[in-house]
Amino acid sequence: MRVMSGLTIGVVGAGYVGLASALSFAHVGHRVRVLERDAERVAMLRARRDPLGEPGFDELLAAANIEFTNDPAAAYAGVDAVLIAVGTPTGPSGNVDLSQLDSAAESIARSAPPSAVLIRSTVPVGTGDELERSTLRGFAVTSNPEFLREGRALADSLRPTRILAGGDPSCELLVRTLYAPIIEQRYDAVAGVTAGDPVSFLWTDRRTAELAKYAANAFLVTKLSFVNEIANLSAALGADVRRLLEVLGSDPRIGSSFLRPGLGWGGSCFPKDTRALLDFAVTSGYELSVVRAVVEQNAAQLLRFLHQITREVAPGSRIALLGLAFKAGTADDRESPAVALAELLLERGYELIAFDPAVRKTSARTSNVLLAPSAIEAAVNADAVVIATEWPEFAALDLTAVRERMRGDLLFDGRCILDPKRVKAAGLRYRGVCAPAQPPTSTRSMNSA
Ligand code: UGA
């Protein structure tokens, strides 16, 4: 089922957000052209190969009515709307680096007909106002933040929790028309995604939409850091955090999702968005004390896990690091807690051999980490095994086989994915975020980690 007369849209940026949006809009019947500056990526996409390894992208690339180009004039010819989905990384002083957004806006101003411009990138409040006043004068700028997760980008685009857009009321009809097949869930099942119940469409003013995106991510990290603190306290007091979280999650006001404790949250969104939020809140004269505490807790959480390892495993020991991606289901290791942990362990003189089912090469930050072809092989002669990413295959590991290959018997679970009884039965000592606190071994404080 397709919309009869689709719109023509240009999408700037073929990253997770741009590609997921472009492929979804093409699938529901719009004509889509994607402008990407990276020639290698354009070539791959033209060959209908997915550069990101996202579930479902390959299938849609093969079928969808979509073009890829690095020529702005070709991308924008005759468009009804242009979506900007470029990166907005952290700048040198914690502010947001808007240079990619600015150059996208300049190329639109130069080459696109007067049309609607939808900003999918996460941008500080007031960015849309500023663009409409300057580079994009004469264009109708709408804030249209995304809420998709890596590893589920296509499913989250076709069946989003909600669609948010904000701008001048005159733009609402066009944005609704663009999203109509998704709002009404009128599309053919694809790559395991089937249409569901209608999706709510929330139209606000532009600043509210811009801030809502940051507020959503800040709320989610607040939940995670709170859970991590409760896990730490449970360990100190001898409570069972897993049962405790079941109790918390059974209150619908709290909800049972996003409650897994760990060595800290990371990725390409949460860290940069919380930094940006803190930065532009201060500039606006407001200090976000809760979010600041959450960010500090997250840094402390990683150091706490590091200390659990370093207090029991001597420098120079060999550690099998299971996981490099920032979470399971993606090959992305940007701002990954696993990579940050690897760096800290390397700095302290440990020998690291890592395995990640999706991250198959080391980066500049992990160039001294050896890579093993499997989790079991990473464990060979290891003094300790550390789980740093919540891959389901690590939860299902044959722990007896792991123990047989190891030199030592310590297992540090940084994601609370293993059953301590099963670990013990395999002859391993269970440590980590959800393990009971160990009695003090010396006078060394956490700061010495
Ligand atoms: C996150 C948000 O979940 C999306 O809603 C949002 O659209 C996206 O950022 C964005 O701003 O673009 P994502 O970065 O893909 O999505 O990752 P999440 O699945 O949210 O995980 C983030 C981090 O939290 C990971 O390190 C993950 O391991 C950790 N996490 C998540 C936990 O430690 N415990 C949990 O229960 C859930």
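Read the numbers this way: they start at 1 and go in the same order the structure lists the ligands and their atoms.
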Side chain to side chain contact (heavy atoms under 4.5 Å, CB included) between I66 and R31, worked out: CA-CA 7 Å; I66 187 165; R31 289 171 295 280; over 6 Å; no
[atom] [closest protein heavy-atom partner, distance rounded to 0.1 Å]:
atom	result
atom 20 (O) of ligand 1	F258 CZ, 3.2 Å
atom 34 (N) of ligand 1	R260 O, 2.9 Å
atom 13 (P) of ligand 1	K327 NZ, 3.8 Å
atom 25 (C) of ligand 1	F326 O, 3.5 Å

F280 and Y214 aromatic centres sub-6.0 Å: yes
Counting heavy atoms only, which part of [X] comes closer than 4.0 Å to ligand 1: side chain, backbone, both or neither?
X	result
V17	neither
D156	neither
L148	backbone
F270	side chain

Test item, R152 contacting ligand 1 (heavy atom, 4.0 angstrom): no
Atom indices of ligand 1, in the order listed, that fall short of 4.0 Å to a heavy atom of R415: 27 (C), 28 (O), 33 (O)
R162 charged N/C atom sitting above F147 aromatic ring, 6.0 Å / 45°: yes
Aromatic ring pairing F201/Y179, orientation class (parallel under 30°, perpendicular over 60°, tilted between): tilted
Residue pair N217 / D273, side-chain donor-acceptor N/O under 3.5 Å: yes
Residues R260, E390; criterion salt bridge (charged side-chain N to carboxylate O under 4.0 Å, His left out); working and verdict: CA-CA 10 Å; R260 199 195 48 257; E390 68 276 29; 3.0 Å; yes
Shortest reach to atom 12 (O) of ligand 1 by a heavy atom, considering only P271, C269, A325: C269
S268, any N or O under 3.5 Å of ligand 1 N or O: no
